[in-house]
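Worksheet: one structure, shown below.
Throughout, numbering of the chain's residues begins at 1 and tracks the sequence. We count ligands from 1, going down the list as the structure has it; atoms in each ligand are counted the same way.
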Amino acid sequence: MADDSPAVATDAAHWVLATTTRELARRRKLRVEVEDEAIALFMAGDRVYAFADVCVHQDRSLAKGTLLHGSVICPGHQWRFDLETGYEPDQDVCQPTFRVRIHDDSVYVDLRKTSDDSPRRTTS
Ligand code: FES
């Protein structure tokens, strides 16, 4: 039975279609703009991660970064943001991230940025 509670309806209102897994699989990273929000999407293994595209350091595009060992490395000054948390341990800062859901081939992103104590998870 579907849950039509106000909480579920409010939550659903924040999820937007960002891309497809097929599109993302080509280069394993992709920059999209959804409702004026620039988002960097990354695919590692069978998981998809979503970050605010603009680096918290000096505004470089994380979508142009490099995926390596569970991190995305910013092309600006090589800060390494953990894919699961957005945390950069050497700088003790977090890149804003978004929750991700996958349904069939569609990748949905929750436009409410998550905090660093809420791990980014993907579901399929
Ligand atoms: S702009 Fe990203 S590390 Fe400097």
- Query: Does atom CZ of Arg31 have more than 12 heavy-atom neighbours from other groups under 6.0 Å away?
  - Reply: yes

- Item | Residue-atom pairs from the protein, N, O or S only, that lie under 2.8 Å from atom 2 (Fe) of ligand 1 | Cys55 SG, Cys74 SG

- Task: Report the residue from Val34, Leu41, Ile39, Val16 that forms a side chain to side chain contact (heavy atoms under 4.5 Å, CB included) with Phe98.
- Result: Ile39

- Item | Non-neighbouring partners of Phe42 that pass ring pair (Phe, Tyr, Trp, His ring centres under 6.0 Å), sequence neighbours left out | Phe51

- Task: For His77, enumerate each residue passing the ring pair (Phe, Tyr, Trp, His ring centres under 6.0 Å) test, keeping only those at least two apart in sequence or located in another chain.
- Result: His57

- Message: So, using ring pair (Phe, Tyr, Trp, His ring centres under 6.0 Å) as the criterion, who are the partners of Trp15 when residues are at least two apart?
- Response: none

- Please answer whether the main-chain N or O of Thr20 pairs with a side-chain N or O of Asp105 as donor and acceptor at a distance below 3.5 Å. no

